[in-house]
Number of protein chains: 2
Amino acid sequence: MARLTNDRNSCPVSILMNLLSGPWTMYIIWTLSTSGPMRFGALHRQVEGISTKMLTERLRMLEQEGIVHRHYEPTVPPQVTYSLTERAGELVAILDQLNGLAQRWYGDLPGCGASQPQPDALEKATVLL
Amino acid sequence: MARLTNDRNSCPVSILMNLLSGPWTMYIIWTLSTSGPMRFGALHRQVEGISTKMLTERLRMLEQEGIVHRHYEPTVPPQVTYSLTERAGELVAILDQLNGLAQRWYGDLPGCGASQPQPDALEKATVLL
DNA sequence: CGGGATCCGCTGAGATACTG
DNA sequence: CAGTATCTCAGCGGATCCCG
């Protein structure tokens with residue numbers, strides 16, 4: 001549980017990389033950044049293929065790092081909405097550069113449902129925080 | 001062997017991320033970018049802890065993606081020198097931004113032998129290509 | 001609905017030994 | 001020196017069950 005990023009990964013970049021390199025992490029961030037805030041179930045459906053365990057795990061991780069915000073509504077049934085924080089904006093910006101680089105290198109392939117993030121979606125995504 | 005980045009990772013960013021997220025990849029790139037071109041053995045000593053298998057594997061991967069350049073000198077004993085390509089420059093630039101972001105978020109920690117890349121080292125690193 | 005707990009299989013990473 | 005080949009083990013991630 002405390003396995004953060006010791007051994008060879010003690011520099012800041014690696015912390016971030018270890019975060020992002022998680023199996024579904026990018027997809028979650030990307031989905032939230034393009035489709036806006038989303039409930040757990042919706043996210044689970046959107047990312048499609050991820051197990052609830054993984055989704056929860058990644059979400060907790062991202063929440064802990066201040067990248068996503070978890071809004072818990074104690075209704076019945078309970079509603080939990082996840083949104084990106086402002087921090088995430090900076091991150092997504094860099095990710096976008098990475099995306100640009102990748103597209104120049106590999107050409108843009110299809111299959112990625114969120115290749116070009118709509119600015120308004122990102123705004124929507126950060127509104128809730 | 002052909003396990004590139006299919007399933008959920010068909011978009012360019014993910015290709016790059018899958019590349020970088022490899023266990024030692026960042027360290028290798030970082031080391032080459034800060035310490036310049038290096039022989040296999042030196043790299044093996046610098047990265048320290050990596051197995052020859054992993055090192056070879058990552059190096060091959062990076063070479064295949066055009067990020068590192070492999071210079072083979074068929075002397076005896078053979079000398080193989082690895083250096084970053086020009087492509088890598090773009091990548092390192094973004095990585096540097098990521099590093100900046102990470103430092104702002106987490107503060108700069110020690111333990112990363114290559115936190116601040118010397119420009120001359122990067123130049124040196126790309127000279128060979 | 002949103003998740004925690006548990007089990008379990010599979011692959012990926014390390015260690016070791018060997019080769020040109 | 002610069003790798004390759006093989007074995008092995010564990011830790012990650014999926015599936016399933018259950019709770020608030």
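A, B, ... follow the sequence lines: proteins, then strands. Residue 1 opens every chain.
In this structure, B:Leu95 and B:Met26 have side chains that are in contact, with non-hydrogen atoms separated by less than 4.5 Å. No side-chain heavy atom of A:Met54 sits less than 4.5 Å from a side-chain heavy atom of A:Val47.
Between the CD1 atom of A:Ile50 and the P atom of D:dG14 there is a distance of 7 Å, rounded to whole Å. Distance, A:Leu43 CG to C:dC1 P: 15 Å, rounded to whole Å. Following rounding to the nearest Å, B:Met54 (CE) and C:dT11 (P) show an atom-to-atom distance of 16 Å. Put simply, CE on B:Met61 is 14 Å from C1' on C:dA13, counting in whole angstrom units. Per the geometry, CG belonging to A:Leu55 stands 11 Å off P belonging to D:dG14, to the nearest Å.
Every residue two or more places apart in sequence or in another chain was checked for a salt bridge (charged side-chain N to carboxylate O under 4.0 Å, His left out) with B:Glu57, and none qualifies.
For D:dC12, the OP1/OP2 oxygens have no side-chain nitrogen or oxygen of A:Trp24 closer than 4.0 Å.
Side-chain N/O atoms of A:Thr25 and A:Arg58 include a donor and acceptor closer than 3.5 Å. A donor-acceptor pair shorter than 3.5 Å cannot be found between the side chains of A:Glu48 and A:Tyr27.
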Report each atom pair, protein N/O against N/O of nucleotides 1-6 of chain D, whose distance is under 3.5 angstrom.
residue: D:dC1; atom: O3'; partner: B:Arg39; partner atom: NH2; Å: 3.3
residue: D:dC1; atom: O3'; partner: B:Pro78; partner atom: O; Å: 3.4
residue: D:dA2; atom: OP1; partner: B:Arg39; partner atom: NE; Å: 2.7
residue: D:dA2; atom: OP1; partner: B:Arg39; partner atom: NH2; Å: 3.4
residue: D:dA2; atom: OP1; partner: B:Val80; partner atom: N; Å: 3.3
residue: D:dA2; atom: OP2; partner: B:Gly41; partner atom: N; Å: 2.9
residue: D:dG3; atom: OP1; partner: B:Arg60; partner atom: NH2; Å: 3.4
residue: D:dG3; atom: OP1; partner: B:Arg70; partner atom: NH1; Å: 2.2
residue: D:dG3; atom: OP2; partner: B:Tyr82; partner atom: OH; Å: 2.6
residue: D:dT4; atom: OP1; partner: B:Arg60; partner atom: NH2; Å: 3.4
residue: D:dT4; atom: O4; partner: B:Thr52; partner atom: OG1; Å: 3.4

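The pair B:Arg104-A:Glu90 counts as a salt bridge, with a side-chain nitrogen and a carboxylate oxygen less than 4.0 angstrom apart.
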